[in-house]
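In what follows, chains are A, B, ... by sequence order, proteins preceding strands, each numbered from 1. The figures that follow rest on heavy atoms only: side chains count, while hydrogens, waters and symmetry mates do not.
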2 protein chains.
Amino acid sequence: MKIATWNVNSIRSRLAHVVEWLENQPVDVLCVQETKVVDADFPKADLEAIGYTAYISGQKSYNGVALLSREPLESVSMGFTSVLGSPLAETIADLDEQKRVITGVLGNVRIVNLYVPNGSAVGSEKYEYKLRWLATLRDYLKSLLLEDQGLVVCGDFNIAPDDRDIYKPEGKENHIMASPAERQALQTTVLDLGLVDAFRQLHPEAGQFTWWDYRTAAFRRDAGWRIDHHYISPQLGDRLVDCVIDKVPRGWEKPSDHTPVILELG
Amino acid sequence: MKIATWNVNSIRSRLAHVVEWLENQPVDVLCVQETKVVDADFPKADLEAIGYTAYISGQKSYNGVALLSREPLESVSMGFTSVLGSPLAETIADLDEQKRVITGVLGNVRIVNLYVPNGSAVGSEKYEYKLRWLATLRDYLKSLLLEDQGLVVCGDFNIAPDDRDIYKPEGKENHIMASPAERQALQTTVLDLGLVDAFRQLHPEAGQFTWWDYRTAAFRRDAGWRIDHHYISPQLGDRLVDCVIDKVPRGWEKPSDHTPVILELG
DNA sequence: GAGTCGACTG
DNA sequence: CAGTCGACTC
């Protein structure tokens, strides 16, 4: 089973790339983020034409996630509320307004597709939102881990787990996506639940990136970040075959600033 | 000598069309309107690469005119003020803020390239501006007619001279571009000076258009207007060979809403 | 419907 | 730098 993640930075602007990529990389499920489109305008038909059903949770302009699957998914749900119950506690009741969470089950694997808030700048209001969102994610994942099946949590985490995941980490100690509080949140939210970073498990070397800023010719200089991840639950450990970054689409015309990452389970 | 006029609706968006058209229609001078770009950003080099020098008068977002010429032009000037003298009368001192007028001389022919205000809606403030602008144009053209050479006045006039120049004129009696006051202004400003509509002189039939609204599939229905004209002074009368509308570029991908018109002088 | 800009986000 | 939207113009 192959499960890929790709922040497409607008599904409408990137539709041709997604179609071309899926035709050459027939993964079972592609988790996309930043679809930036309301559900009514999501290009479902174009994806159905190449054999993929789209499960979507979109909003206007910002955010938006979708699961593109060759086989029907079961138990699909959107947002934290669907799992944690409604109403959420007052402090987190707003977190589902931004469409950043969708999940579904294929075979005996639950797939969670996340678009973690960017956080803007360390200490900003958006940064506090990001940390609050991650705290809620922990409860969400804990609930899903109670299910009797494997769990794959993937998406754009907007966090580089350690310095190997950043081009020239010196001086970025308090940069957004690398700050101690964000890394600690990732630890508490994901790793402490027993979930494992599949790519890092297999590839210990530094300098493997999934996102390159459009500005400053970052891709040409390979000045990237590894912020798109797959985390797998313990019971999937012995099914882990590989996890690879496909840098090719980042080099296409008018690309997304992210490139796909593919998890293969045996 | 061939002198063409084309409202390109953004020279930057239409650069490839203009280059392709000039390579297949090597006119001596192409008068373009609605360049929508400040002079610093006008794509002069791309036009020089195909043998055309650009004389430009641009502004941000709106309006903007240019003369693209294979041979150097003489006595190039921009705006009413350059001819009528500055300061203009107080009632018209603002008319050169919008870049709608450029002129130059090739051989013994003065070419005036105009982008007449659209006027928005009959009776509106913009409509009054259009009529005021046309009144000033009369003085401008009278001055130029004193020069001892032929005069070609072309561009986007945003006026259909008579009902043959409108698809289904019924009900458009007081439509912008067809209202009596606009037609009268065209008569007073241009025709009463002895200038002749070159296209109409040679082609009396109705239904020959140069502009089709992007909306309502106007081009497919041929629901157009003839609002792009060449007016020639009496001394050029016996040099008039032809005046033709080239509808082809209106059918290209992502076209301007106007198509070129070519005047040929012997 | 298609071009522009400016504000916003990443 | 690249995507979105909303306001504006034609």
- Between D:dT9 atom P and B:Asn7 atom CG, what is the distance in whole Å? 17 Å
- Query: Would B:Asp156 and B:Arg100 pass as an ion pair if we require N to O under 4.0 Å?
  - Reply: no
- Round to a whole Å and report the spacing from CD of A:Gln33 to P of D:dT4. 17 Å
- Query: So is A:Arg226 actually on top of A:Phe209's ring, under 6.0 Å and inside 45° of the axis?
  - Reply: no
- Grab the CD-P distance between A:Glu253 and D:dG3 for me, whole Å please. 11 Å
- Contacts of type side chain to side chain donor-acceptor pair (under 3.5 Å), residue B:Arg221, not counting sequence neighbours: B:Thr216
- Would A:Phe157 and A:Tyr115 count as a close aromatic pair, with their ring centres under 6.0 Å? no
- Quick one: do B:Arg183 and B:Asp163 make a salt bridge, cutoff under 4.0 Å? yes
- Query: Rounding to a whole Å, what distance do you find between B:Lys130:NZ and D:dC10:C1'?
  - Reply: 11 Å
- Task: Fit a plane to each ring of B:Trp6 and B:Trp252, take the angle between them on a 0 to 90° scale, and name the class: parallel (under 30°), tilted (30 to 60°) or perpendicular (over 60°).
- Result: perpendicular
- Item | Between C:dG10 (P) and A:Asp156 (CG): distance, integer Å | 11 Å
- Message: Could you tell me how far apart A:Tyr127 (OH) and C:dG10 (C1') are, to the nearest whole angstrom?
- Response: 17 Å
- Message: Just to be sure I understand the rule, does A:Phe219 reach a base, reach only the sugar-phosphate, or reach nothing, if contact means heavy atoms closer than 4.0 Å?
- Response: nothing
- Query: Is any side-chain N of the basic residue among A:Asp41 and A:Lys60 closer than 4.0 Å to the acidic one's carboxylate O?
  - Reply: no
- Would you mind checking if A:Arg250 and A:Asp257 are paired as a salt bridge, meaning a charged N to carboxylate O distance below 4.0 Å? no
- Query: Just how far, in rounded Å, is C1' of C:dT9 from CD of A:Glu125?
  - Reply: 15 Å
- Query: How does DNA chain D look in dot-bracket notation if pairs are Watson-Crick or G-U with both distances under 3.5 Å, crossing ones as [ ], other-strand ones as |?
  - Reply: ||||||||||
- Item | Pair B:Arg12 + B:Asp46, salt bridge at N-O below 4.0 Å | no
- Task: Find the distance A:Arg250:CZ to D:dA2:P and express it as a whole number of Å.
- Result: 9 Å
Give me, pair by pair, the N or O atoms of the protein and of nucleotides 1-5 of chain C that are less than 3.5 Å apart, along with how far apart they are.
unit_1: C:dG1; atom_1: O4'; unit_2: B:Tyr214; atom_2: O; d: 3.3
unit_1: C:dG3; atom_1: OP1; unit_2: B:Arg14; atom_2: NH1; d: 3.1
unit_1: C:dG3; atom_1: OP1; unit_2: B:Arg14; atom_2: NH2; d: 3.4
unit_1: C:dG3; atom_1: OP2; unit_2: B:Lys254; atom_2: NZ; d: 3.3
unit_1: C:dG3; atom_1: O3'; unit_2: B:Ser10; atom_2: OG; d: 3.4
unit_1: C:dG3; atom_1: O3'; unit_2: B:Ser13; atom_2: OG; d: 3.2
unit_1: C:dT4; atom_1: OP1; unit_2: B:Ser10; atom_2: OG; d: 3.0
unit_1: C:dT4; atom_1: OP1; unit_2: B:Ser13; atom_2: OG; d: 3.3

